[in-house]
Amino acid sequence: MSFNCRFAPSPTGPLHIGGVRTALFNWLLAKKNKGKYFLRIEDTDKERSKDEFKKQIISSLAWLGIEHDGEEYIQSKNISKHINVAQELLKKGFAYKCYCSEKEINEQKEKCKKQGIPYVYNRKWRDAKDLTIPESIKPVIRFKSKISGNTIIKDLVQGERNISNSTIEDFVILRKDETPTYQLSATVDDHEMKISHVIRGDDHMINSFKQKQIYEAMKWEVPNFAHIPLIHSEQGKKLSKRDNASTLEDYIKIGIISDALRNYLLRLGWSYKDKEIFTKQESIDLFDLNGVGKSPSKLDMNRIYSINETYIKSIDQKELFNFFKEYVSKYKKTIDQSKESVLFKSIGFLKNKAKTLEDIWNNAQYIINDKIEISSDDKKLIDGLSKKIIKDFIDEYEKLSLLSRETLEPVIKSLIDKHQTNFKGVGQPLRILLVGSKFGPGLYDIILSLDKTKVLKRLKEIL
RNA sequence: GGUCCCAUCGUCUAUCGGUUAGGACAGUUGGUUUUCAUCCAACAAAGAGGGGUUCGAUUCCCCUUGGGACCGCCA
């Protein structure tokens, strides 16, 4: 049997971080088992599905390095097949037409609510021998769920799950406008696509029980199911669009790099011994459903930042610079061509104080901007002594024919001695004038990363 | 409310009956770096409660408590 996984988002909003993890797990398992991973866009909700979201989902997954096999599968293109299956189910007696009006259904729901009992469709039309069909109402097709017995699913993550069939209502498979619902479409497509492993969020558990009945009615092979626990917000609730760090885009725009996010998501709800950092290949080799826990996990920004920092510090300078360039052009502003080579050379120390690409961007402002702003508080720190030191520094600096750490160091040292101060006494005013802040990269790095003319210009401004 | 599920440091987790309950992030303290950050070291921090089973339970079972998911002609 072939090993096929899929990720099936609906394009009704930006890609959710939980969805990203689901996609990752599917992809990982497929790769590990030398199987295929497909992407299926579930766009049967015509009202809410948007093409822009579809595009965004695809590009987001590509950003993370999750490439699907073959073309993406567009569910709406397969609607006629879904309808055929509905008709077949009807013919075989596994489904029936329900002529209840929306009003009637709503009244039932109200009534149940008042009585405090759970609403389940009353199966009125399941056996409609004695009912007259109302002319004015277009029917929906409902699946004839089993009334007695239990349905068991051997879930690859949750273990054996058992539910009484009586709790599963006769769910709608074809709407009154003759379009298929999710339960039908997803099942038919999973079958058509020969999906062997359905890995999805815990919130789908009940759907699997419904869908299993469709598989059985159609005499189709039932796939393996794995329901992974949901990701919770820091408040401990299911992540919703209202949470501010819920979409993938939220992470990209603060400068999280893709390998770091992939690594974070991998370790959220899954573990392999004490290992924390996984290369892409390691994650493929080591991933398995046994390592997935059963309880939901909370998002932890600290951890995301920390892993991101680890990756920023460990990846190749060229690669980091490319990430940085891409990030900046998308979320900040295009880097001036003339600044590129300086930035490339400097990224090695700019990254030292950075947890995100955005931090690198902030650290690089003194290079990117020709004019720097100094706060009035910082300006106050430049006192009379500081000015003398700066004046002396300028004299020595101008004399230097070769600029390097080795030539600069004696200059700074001599100034410390001459003015009876410490490194901070010399370094701080210089840094404030050159960078515009008390904080910043190491002093030598700053001086060497700026043109001589620029250094002199910035220093002389205060005198 | 009904159905189903979950439960180890603040967070992510290890442990598959016998451990001083381990690691990582965050936190605290100290040290390197003649600033900040980095880096290094140390400290602090957990088996929700109650019953069983067992020579022995964090681990297996039950109850309580707490938390969650689902309950659409959305997906």
Side-chain angles (χ1 to χ4, degrees), chain A residues 8-13 19 42-45 47-49 75 98 100 102 105-106 109 112-113 115-121 138-142 155 158-159 161-164 166-169 171-183 185-186 200-207 209 227 229-230 232 234 236-238 264 266-277 290-291 293-307 309-310 313 349 351-355 359 363 412-413 416 421-428 430-432 437-443:
Chain A
S10 60
T12 53
E42 305 214 323
D43 58 344
T44 51
D45 183 344
E47 295 279 303
R48 296 192 299 152
S49 294
Q75 187 159 64
C98 163
C100 286
E102 276 174 61
I105 298 281
N106 286 337
K109 283 186 187 170
C112 287
K113 212 173 169 186
Q115 295 179 353
I117 55 172
Y119 165 76
V120 185
Y121 170 67
K138 281 193 165 181
V140 298
I141 295 182
R142 286 181 185 271
D155 191 285
Q158 307 287 338
R161 287 288 127 103
N162 190 335
I163 199 172
S164 167
S166 61
T167 60
I168 298 172
E169 64 163 357
F171 52 94
V172 174
I173 54 175
L174 209 64
R175 301 184 187 102
K176 70 172 178 220
D177 65 359
E178 297 184 319
T179 58
T181 63
Y182 163 75
Q183 305 293 1
S185 297
R200 58 190 5 170
D202 220 352
D203 49 343
H204 280 285
M205 194 72 220
I206 192 76
N207 293 329
F209 286 104
H227 292 89
L230 301 177
H232 281 176
E234 276 162 333
K237 297 269 193 271
K238 180 181 175 181
Y264 172 74
L266 173 70
R267 276 290 283 99
L268 192 62
W270 177 84
S271 62
Y272 178 80
K273 298 179 181 170
D274 280 342
K275 196 166 166 62
E276 301 287 348
I277 300 298
N290 290 340
K294 286 189 189 181
S295 46
S297 24
K298 278 184 197 156
L299 233 26
D300 181 3
M301 277 318 282
N302 276 327
R303 177 63 75 97
I304 296 174
Y305 284 127
S306 162
I307 293 183
E309 189 179 8
T310 303
K313 285 184 177 147
F349 65 82
K351 74 176 182 184
N352 280 335
K353 311 180 66 136
K355 288 190 190 307
D359 290 343
N363 292 341
I412 301 293
K413 283 224 166 96
I416 293 171
T421 182
N422 55 18
F423 186 86
K424 196 175 171 184
V426 177
Q428 184 163 282
L430 281 169
R431 178 182 281 109
I432 288 172
S437 164
K438 275 180 291 186
F439 310 112
L443 187 61

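Letters A, B, ... are given to chains in the order of the sequence lines, protein chains preceding strands, and every chain is numbered from 1. Note that these values count all heavy atoms, side chains included, but never hydrogens, waters or copies made by symmetry.
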* To do: Ignoring the backbone of A:Arg303, work out which of B:C73, B:U35, B:C25 is nearest its side chain.
  => B:C25
* A:Tyr264 and A:Asp300: side-chain contact (heavy atoms from CB on, under 4.5 Å), yes or no, with the steps? -> CA-CA 10 Å; A:Tyr264 172 74; A:Asp300 181 3; 4.1 Å; yes
* Taking the same atom, P, in B:A21 and in B:C9, what whole-Å distance lies between them? -> 15 Å
* To do: Side chain of A:Val140 only, please: which of B:C12, B:C73, B:C70 is the nearest?
  => B:C73
* Euclidean distance, atom CZ of residue A:Phe209 to atom P of B:C71 [Å, nearest integer] -> 15 Å
* Where the side chain of A:Leu268 is concerned, which of B:C12, B:A75, B:G68 is the nearest nucleotide? -> B:C12
* Asked: Contact class for A:Gly427 vs. all strands (heavy atom < 4.0 Å): base, sugar-phosphate, or nothing?
  -> nothing
* To do: Mark yes or no for whether A:Thr181, through its side chain, and A:Val172, through its backbone, hold a donor-acceptor pair below 3.5 Å.
  => yes
* Nucleotide nearest A:Glu276 (side chain, heavy atoms from C-beta), chosen from B:A24, B:U38, B:U35 -> B:A24
* What is the pairing partner of B:U65, taking Watson-Crick or G-U wobble pairs with both distances under 3.5 Å in any strand? -> B:A7
* To do: Kindly state whether the pair A:His232 / B:A69 counts as stacked, where counting means centroids closer than 5.5 Å and planes tilted less than 30° apart.
  => no
* Asked: At under 4.0 Å between heavy atoms, what does A:Gln428 touch on the DNA or RNA strands: base, sugar-phosphate, or nothing?
  -> nothing
* Figure out the CE/P separation between A:Met301 and B:C12, and round it to whole Å. => 15 Å
* For A:Lys413, answer base if it contacts any base atom (sugar-phosphate contacts may also be present), sugar-phosphate if it contacts only those atoms, and nothing otherwise; contact means non-hydrogen atoms under 4.0 Å. => base
* Asked: Do A:Arg267 side-chain atoms and A:Ile277 backbone N/O form a donor-acceptor pair below 3.5 Å?
  -> no
* **Pairwise P distance, B:U54 and B:U59 [rounded to whole Å]** => 16 Å
* Asked: Whole Å only: how far is the CG atom of A:Asp274 from the C1' atom of B:A21?
  -> 12 Å
* When you compare B:U58 with B:C16, how far apart are their P atoms, in angstrom units rounded to a whole number? -> 14 Å
* To do: Give a yes or no on whether the backbone of A:Ser49 and the side-chain of A:Asp43 come within a donor-acceptor separation of less than 3.5 Å.
  => no
* Using the P atom as the reference point in each nucleotide, state the distance between B:G52 and B:G67 in Å, no decimals. => 27 Å
* A:His232: what forms a ring-ring contact (aromatic ring centres under 6.0 Å, His included) with it, not counting sequence neighbours? -> none
* Structure fact -> Taking B:U38, B:C70, B:A69 as options, the one with an atom nearest any side-chain atom of A:Glu309 is B:U38
* Atom pair distance, as rounded to whole Å: CG in A:Asn302 and P in B:A24 -> 16 Å
* Exercise: identify the closest heavy-atom pair between A:Glu42 and A:Pro11 -> O-CD, 3.3 Å
* To do: Identify whether any heavy atom of A:Gly425 sits under 4.0 Å from a base atom; if not, whether one sits that close to sugar-phosphate; answer base, sugar-phosphate or nothing.
  => nothing
* Asked: Please give, in whole Å, the distance from B:G2 P to A:Glu169 CD?
  -> 18 Å
* For A:Thr44, answer base if it contacts any base atom (sugar-phosphate contacts may also be present), sugar-phosphate if it contacts only those atoms, and nothing otherwise; contact means non-hydrogen atoms under 4.0 Å. => sugar-phosphate
* Could you check whether A:Leu443 gets within reach of a base, just the sugar-phosphate, or nothing at all, counting any heavy atom under 4.0 Å? => base
* To do: To the nearest Å, give me how far apart NZ (A:Lys298) and P (B:U13) are.
  => 11 Å
* Asked: OH of A:Tyr272 versus P of B:G23: gap in Å, rounded?
  -> 19 Å
* So which nucleotide does B:C71 pair with, by the Watson-Crick or G-U wobble rule with both distances under 3.5 Å? -> B:G1
* Asked: Taking N and O atoms by type only, does the side chain of A:Arg267 place a donor or acceptor under 3.5 Å from a partner on the base of B:U13?
  -> no
Polar atom pairs between nucleotides 6-8 of chain B and protein, under 3.5 Å, N or O only, would you list them?
| residue | atom | partner | partner atom | Å |
| --- | --- | --- | --- | --- |
| B:C6 | OP1 | A:Arg161 | NH2 | 3.0 |
| B:C6 | OP1 | A:Lys294 | NZ | 3.3 |

* Where the side chain of A:Glu42 is concerned, which of B:G23, B:A75, B:U3 is the nearest nucleotide? -> B:A75
* Minimum-distance nucleotide (side-chain atoms of A:Asp300 versus B:U34, B:U11, B:U13) -> B:U11
* Using a cut-off of 4.0 Å on non-hydrogen atoms, how would the nucleic acid contact of A:Gly293 be classed: base, sugar-phosphate, or nothing? -> nothing
* What residues, two or more places apart in sequence or in another chain, satisfy side chain to side chain donor-acceptor pair (under 3.5 Å) together with A:Ser185? -> A:His82
* Asked: Would a 4.5 Å heavy-atom cut-off, applied to side chains only, mark A:Tyr182 and A:Ser10 as touching?
  -> no
* **Sugar-phosphate only, base, or nothing, as touched by A:Ile307 at under 4.0 Å among non-hydrogen atoms** => nothing
* To do: Starting from P on B:U11, measure out to CG on A:Leu299 and report it in whole angstrom.
  => 14 Å
* Structure fact -> Applying the 3.5 Å cut-off to both distances, the Watson-Crick or G-U partner of B:U29 turns out to be B:A41
* Touch class at under 4.0 angstrom, heavy-atom based, for A:Asp177 against every strand present -> nothing
* Asked: Checking A:Gln75 side chain against A:Thr44 main chain: does a donor-acceptor pair fall under 3.5 Å?
  -> no
* **Nearest-neighbour nucleotide for the A:Asp203 side chain, B:A69, B:A75, B:U3 considered** => B:A69
